[in-house]
There are 4 protein chains.
Amino acid sequence: MIKVAIIGASGYTGAESIRILLRHSEAELTYLTALPEECGAVEDIFPQFKGRFTMQIEPLDMDKLSGMADVALCCLPHKVSMGFVPKLLDAGLKVIDFSADYRLRDINIYEKFYVKHTDTENIKHAAFGLPELFREKIKGAKLVANPGCYPTGAALAIAPLLRENMIETDSVIVNAVTGASGAGNKPSIKFHFPNMNENFFAYGVGNHRHMPEIEQIASDLAGQNVTVLFQPHVGPFDRGILSTVYCQPKEKVSNNQLIQLYGDFYNGEPFIQVCQNPPAVKDVAGTNNCHIFPTFVKGKIVSFSAIDNLVKGASGQAVQNMNIIFDLEETMGLI
Amino acid sequence: MIKVAIIGASGYTGAESIRILLRHSEAELTYLTALPEECGAVEDIFPQFKGRFTMQIEPLDMDKLSGMADVALCCLPHKVSMGFVPKLLDAGLKVIDFSADYRLRDINIYEKFYVKHTDTENIKHAAFGLPELFREKIKGAKLVANPGCYPTGAALAIAPLLRENMIETDSVIVNAVTGASGAGNKPSIKFHFPNMNENFFAYGVGNHRHMPEIEQIASDLAGQNVTVLFQPHVGPFDRGILSTVYCQPKEKVSNNQLIQLYGDFYNGEPFIQVCQNPPAVKDVAGTNNCHIFPTFVKGKIVSFSAIDNLVKGASGQAVQNMNIIFDLEETMGLI
Amino acid sequence: MIKVAIIGASGYTGAESIRILLRHSEAELTYLTALPEECGAVEDIFPQFKGRFTMQIEPLDMDKLSGMADVALCCLPHKVSMGFVPKLLDAGLKVIDFSADYRLRDINIYEKFYVKHTDTENIKHAAFGLPELFREKIKGAKLVANPGCYPTGAALAIAPLLRENMIETDSVIVNAVTGASGAGNKPSIKFHFPNMNENFFAYGVGNHRHMPEIEQIASDLAGQNVTVLFQPHVGPFDRGILSTVYCQPKEKVSNNQLIQLYGDFYNGEPFIQVCQNPPAVKDVAGTNNCHIFPTFVKGKIVSFSAIDNLVKGASGQAVQNMNIIFDLEETMGLI
Amino acid sequence: MIKVAIIGASGYTGAESIRILLRHSEAELTYLTALPEECGAVEDIFPQFKGRFTMQIEPLDMDKLSGMADVALCCLPHKVSMGFVPKLLDAGLKVIDFSADYRLRDINIYEKFYVKHTDTENIKHAAFGLPELFREKIKGAKLVANPGCYPTGAALAIAPLLRENMIETDSVIVNAVTGASGAGNKPSIKFHFPNMNENFFAYGVGNHRHMPEIEQIASDLAGQNVTVLFQPHVGPFDRGILSTVYCQPKEKVSNNQLIQLYGDFYNGEPFIQVCQNPPAVKDVAGTNNCHIFPTFVKGKIVSFSAIDNLVKGASGQAVQNMNIIFDLEETMGLI
């Protein structure tokens with residue numbers, strides 16, 4: 001049994017990681033931590049686990065952690081995570097980090113969108129944890145940077161086009177919509193129920209932090225710089241991201257060719273389903289699946305993808321990465 | 001034109017009062033106040049008024065207020081309101097107070113559920129502003145205690161039964177459900193969208209502050225003490241209260257007799273509709289209406305009512321009271 | 001491996017049964033049937049299974065079924081089910097029936113609320129499938145009548161009170177709220193999204209079919225006739241039933257006594273959690289759990305329970321019953 | 001008083017037209033029609049009007065209609081409307097038609113997306129009823145083609161750019177999201193509450209009927225052919241359309257220049273608000289307003305607009321058109 005610690009277990013991704021790991025036959029939760037003011041019995045903090053799972057969430061004690069876990073799912077926020085990851089690695093744990101701190105290879109870009117980076121050394125060795133695109137690098141990794149939710153959905157929607165060099169690299173537009181859980185569990189005016197309910201709006205215009213992350217993945221796939229205009233929106237539902245990606249093809253393609261291309265590209269991938277119709281977020285809710293529908297419309301390729309932002313966009317993908325690192329069946333705990 | 005000030009205009013009932021008064025042909029908004037940190041242009045605080053209504057919300061200045069308004073809608077919270085109402089009255093304004101501070105005649109009960117009362121004198125002269133039940137007292141009032149949202153829905157559902165002495169006074173059960181706007185505009189864990197969405201729960205078990213208010217109205221109607229068990233719930237929608245009231249009739253009645261009784265009791269009331277089917281909150285959303293359906297089931301009378309908690313349960317009823325005080329058509333601004 | 005057929009697999013309870021059984025380590029789906037016009041690949045009918053489960057839903061062929069399955073989950077509607085259950089039993093299968101056709105022992109009551117019964121013989125041998133209350137009878141049963149969703153939530157909320165003879169049997173009021181999935185997957189005016197969204201209303205006033213079912217369970221528990229006034233409502237969410245049950249205690253009890261009583265009664269039950277606060281439907285969504293909170297308020301006992309109508313109220317309870325019949329760990333597939 | 005008939009009053013746009021006209025001081029409803037099976041008292045068909053408005057919806061009788069109305073709001077569906085509009089015009093009424101039948105000047109395009117047109121004569125004289133863009137033509141019109149909801153939001157978002165010839169005409173992408181009321185009041189699988197709730201998806205990929213309508217308006221504004229890729233989506237809310245329009249500017253512009261340009265273009269328009277932040281559909285719900293936010297992002301102009309699909313996208317705009325035709329204050333009934 002792989003012993004798993006969750007660092008920063010008191011938020012939505014912590015709860016989702018617990019939910020998934022409770023069904024994992026080769027992993028067991030051994031240590032859960034949070035800020036002191038967010039500690040307590042799991043079933044008090046997350047009443048959905050009442051009677052299903054008894055364990056304490058405790059303040060992190062590095063001495064205690066050593067030996068108690070083989071791997072840490074590090075669910076800390078951006079900027080905070082890089083203060084803990086080096087210690088976790090030093091303690092001999094594999095680390096799957098949910099924050100943005102180890103995703104961007106270019107420190108300048110990181111520091112432009114976030115803050116000064118304090119652990120630039122480990123970035124060099126971090127694998128970007130999007131298995132369908134970068135599985136080989138994940139296999140031997142000690143540190144996996146679990147991708148952002150939007151970048152996961154966007155990259156999967158257009159990866160085949162970029163790999164095959166089929167689209168212009170200066171005109172990719174990612175229009176995406178997330179459910180409200182994407183904003184985390186801290187109450188705020190915008191996400192107060194009577195404000196968010198029956199509402200729909202755009203945000204992060206021109207400066208969302210996932211824009212450079214999407215560009216990095218896209219550029220890696222294309223083997224050249226790709227510019228992406230990324231525009232997120234939020235809608236009145238809990239879970240899911242629908243990405244609608246507009247691309248300029250280098251030459252006309254048929255819908256059949258696109259389906260064929262995507263089918264070949266994702267052949268054998270257990271979590272990717274290439275569809276014949278636009279996907280719906282409800283069909284992937286609670287699963288690690290990504291439904292993709294590419295199509296040719298009025299001279300452009302429009303590719304749609306749907307994921308659950310908390311599963312394939314966070315905790316599910318983390319467990320998928322964990323399975324790869326420990327050489328387990330990749331779908332374990334995720335069916 | 002009646003000049004109207006709104007004291008505490010930055011919350012949901014403030015916005016709703018503005019919305020209603022913009023359509024009122026004999027009233028004009030002249031002064032809007034809030035706490036200093038909540039002041040600014042109306043259209044910045046409530047973007048729904050962009051281009052429709054230009055006015056500043058300012059910190060309250062009593063000197064400025066005098067002469068600027070004939071009536072104040074006082075939308076301050078419980079406990080805070082009684083600090084301002086005496087000043088407003090002294091300044092010569094009529095006051096329609098949205099808080100609980102002037103609703104309960106028995107100071108002991110008020111102080112048990114709230115805090116020590118600091119303006120017991122004005123309580124004696126306050127009219128309880130539920131026009132369909134207490135219109136005469138409202139007519140000449142200088143101070144109207146605008147009823148709570150739950151008490152409005154509950155009382156209208158059973159008033160005919162109590163007036164006609166048809167039910168046992170020790171076994172009234174009010175089971176009610178409110179939309180989330182009833183909790184106000186302050187963000188909180190419970191009303192954070194991803195927590196409240198897809199959820200439904202009870203709260204205030206055995207100690208909700210509207211329980212004594214319902215009992216006071218019921219006792220006034222019955223002419224004797226009425227005990228009410230009041231159990232509120234909250235559901236994932238913005239507006240509306242559905243009250244399901246269970247009563248023990250003194251003798252069997254037919255459904256037709258009930259419809260007849262209610263029809264007679266509310267005859268001529270523009271905002272009360274006696275229905276032949278269970279009411280739905282969506283049918284009264286945005287209106288000052290109350291839909292009521294009384295019925296006899298298995299030895300009990302079950303009476304349902306639906307109101308919009310922000311309109312008939314707050315701002316609409318306040319304007320209705322204002323119309324009464326100033327001898328205007330009661331429906332003005334409310335159609 | 002237990003071979004499971006689902007008869008009538010094309011509705012919400014069919015999909016939910018598939019979802020649960022995919023995670024069951026000792027059961028496998030071998031045969032799925034539906035009306036001819038609702039047949040096809042599972043992943044076309046339920047896109048949420050794309051890439052996760054490949055199987056055809058076919059028209060029922062009794063010859064084919066024999067030998068292909070050990071047990072049938074019969075998800076057919078009321079009135080239809082009794083036309084198939086005798087054949088399934090004759091074919092040697094155990095049957096867990098989701099309809100009301102085998103729940104009511106009193107044929108007269110069944111025929112009053114439904115239609116003429118055509119299989120009165122098998123009713124005599126059907127076990128009522130609420131394991132926490134009637135586990136012993138389920139163990140050896142060939143036919144289990146899986147309870148209605150409302151009766152499950154209501155009965156669990158008050159079973160300890162009835163068994164201990166603590167409440168008056170003529171004044172039980174069950175006020176319940178269901179999510180919209182309770183209405184099934186057939187489009188209708190009331191459940192058309194723009195009508196049901198932001199809405200809340202009562203229905204089935206005085207004549208809901210689950211009323212006699214609740215009364216039967218309550219009477220069994222009390223050992224005497226219990227009269228129940230049952231009033232259902234529907235709210236704008238997918239899953240969950242919140243039952244608020246009002247009872248008249250024979251004598252005063254403390255909240256601690258109630259918690260103690262319920263804790264003892266449900267001691268060792270893996271799916272029942274006795275809570276110290278009102279339960280919320282979101283905390284049980286997707287699980288087979290029932291959260292219960294009993295309390296003493298103003299001379300009455302009010303007991304709240306929350307279940308997922310599609311899991312503990314239907315498919316989850318069916319799998320729990322299946323586990324009992326086949327002597328498996330009762331929680332298998334349900335964690 | 002202008003006498004108004006509503007032809008096809010039993011749907012959502014009929015109800016919304018009634019709601020608006022009840023507050024119109026210079027118009028009165030005189031005749032409401034629907035298919036025989038959808039007739040009855042308004043308050044039975046639309047319970048939200050109980051006690052507020054008493055009138056019958058009747059089968060259309062052309063003889064009765066003559067003389068009873070000055071103007072018809074024709075809320076019939078596409079393809080049906082053109083069978084009635086000529087008769088209404090012949091009877092001497094002005095007609096504001098909600099269908100697509102008189103919107104597209106190019107019959108070939110109409111017939112490609114709809115059916116054979118049977119009233120090509122009147123198309124020639126129809127004014128396209130988007131007042132902010134084509135007010136002059138509406139003034140003297142006998143027949144106004146009320147625009148589609150999507151075209152209204154999309155066109156208002158980019159009209160200044162097209163008029164000023166600032167963007168490439170071959171690369172406009174309109175990504176839009178509508179609330180579920182846009183699908184009308186007929187129950188369907190997709191809009192069944194448990195399917196639409198918590199869901200989000202694209203539809204009409206490459207072939208939505210509003211695509212040519214948007215292109216026609218855009219081309220009129222630009223004075224040359226404009227190609228538009230239009231991709232609609234639907235989200236789990238009642239009302240509102242958020243359009244996110246991506247354009248390729250001919251040269252770089254600053255955000256300030258855009259705000260200035262839009263402010264000038266829409267100067268004096270009572271229903272258009274140019275904003276400094278992304279608009280939200282909830283802020284325009286129930287109003288005839290359109291909130292617009294244009295911005296320059298990564299070499300592109302992204303312009304956002306929010307409208308209520310049933311008001312500015314249908315009934316409100318129709319009343320605005322009616323006010324123009326009859327030389328009334330344009331905002332009458334719409335504040």
Side-chain angles (χ1 to χ4, degrees), chain B residues 15-16 18-25 43-54 181 193-194 197-199 236-240 263 266-293 306 308 312 331-335, chain D residues 15-16 18-25 43-54 181 193-194 197-199 236-240 263 266-293 306 308 312 331-335:
Chain B
E16 194 66 9
I18 293 172
R19 184 182 75 85
I20 291 167
L21 288 167
L22 289 182
R23 295 212 188 93
H24 196 292
S25 53
E43 66 177 41
D44 292 335
I45 292 164
F46 302 124
Q48 67 266 36
F49 293 118
K50 257 186 222 289
R52 299 162 67 196
F53 179 56
T54 307
S181 64
F193 183 88
N197 185 42
E198 294 294 288
N199 209 350
F237 53 100
D238 278 3
R239 285 160 175 258
Y266 289 121
N267 185 28
E269 289 296 345
F271 297 119
I272 311 293
Q273 286 82 44
V274 180
C275 305
Q276 307 270 353
N277 289 296
V281 296
K282 196 162 194 169
D283 290 335
V284 296
T287 81
N288 200 47
N289 290 353
C290 177
H291 288 189
I292 304 177
F293 172 61
D308 182 323
K312 184 62 179 169
T331 57
M332 206 169 267
L334 295 167
I335 295 297
Chain D
E16 194 66 8
I18 294 171
R19 183 182 74 86
I20 292 167
L21 288 167
L22 289 182
R23 293 212 190 94
H24 197 293
S25 52
E43 65 176 42
D44 291 335
I45 292 164
F46 302 124
Q48 67 265 38
F49 293 117
K50 255 187 223 290
R52 299 163 66 196
F53 180 56
T54 307
S181 64
F193 184 88
N197 185 42
E198 293 294 291
N199 210 350
F237 53 100
D238 278 4
R239 284 162 175 255
Y266 288 121
N267 186 28
E269 288 295 344
F271 298 119
I272 311 293
Q273 285 82 42
V274 181
C275 304
Q276 307 270 351
N277 289 297
V281 297
K282 197 161 194 169
D283 290 335
V284 297
T287 81
N288 200 49
N289 290 353
C290 178
H291 287 189
I292 305 178
F293 173 60
D308 182 323
K312 184 63 180 168
T331 56
M332 205 169 265
L334 295 167
I335 297 295

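Both backbone and side-chain heavy atoms feed into the values below; hydrogens, waters and symmetry mates do not. Naming: A, B, ... by sequence-line order, numbering from 1 per chain.
Per-residue counts of heavy-atom pairs under 4.5 Å with chain D were compared for B:Gly286, B:Cys275, B:Gly51, B:Ala285; the largest is that of B:Gly51. The residue among D:Thr331, D:Val284, D:Asn289, D:Leu22 with the most heavy atom pairs within less than 4.5 Å of chain B is D:Asn289.
Neither the backbone nor the side chain of B:Glu269 has a heavy atom closer than 4.5 Å to any heavy atom of chain D. Using a 4.5 Å cut-off between heavy atoms, B:Asn288 does not touch chain D at all. Looking at B:Asn277, there are no atoms closer than 4.5 Å to chain D (heavy atoms on both sides), in backbone or side chain. For D:Glu43, no part sits under 4.5 Å from any heavy atom of chain B, backbone or side chain. Only the side chain of D:Asp238 comes within less than 4.5 Å of a heavy atom in chain B; its backbone stays farther off. If you measure heavy-atom distances from D:Pro279 to chain B, you find no contacts under 4.5 Å at all.
A side chain to side chain contact (heavy atoms under 4.5 Å, CB included) with B:Arg52 is found for one member of D:Thr287, D:Ile335, D:Leu334 and no other, namely D:Thr287.
A pairwise comparison of heavy atoms in D:Lys50 and B:Gln273 identifies O-CD, 3.2 Å as the closest pair.
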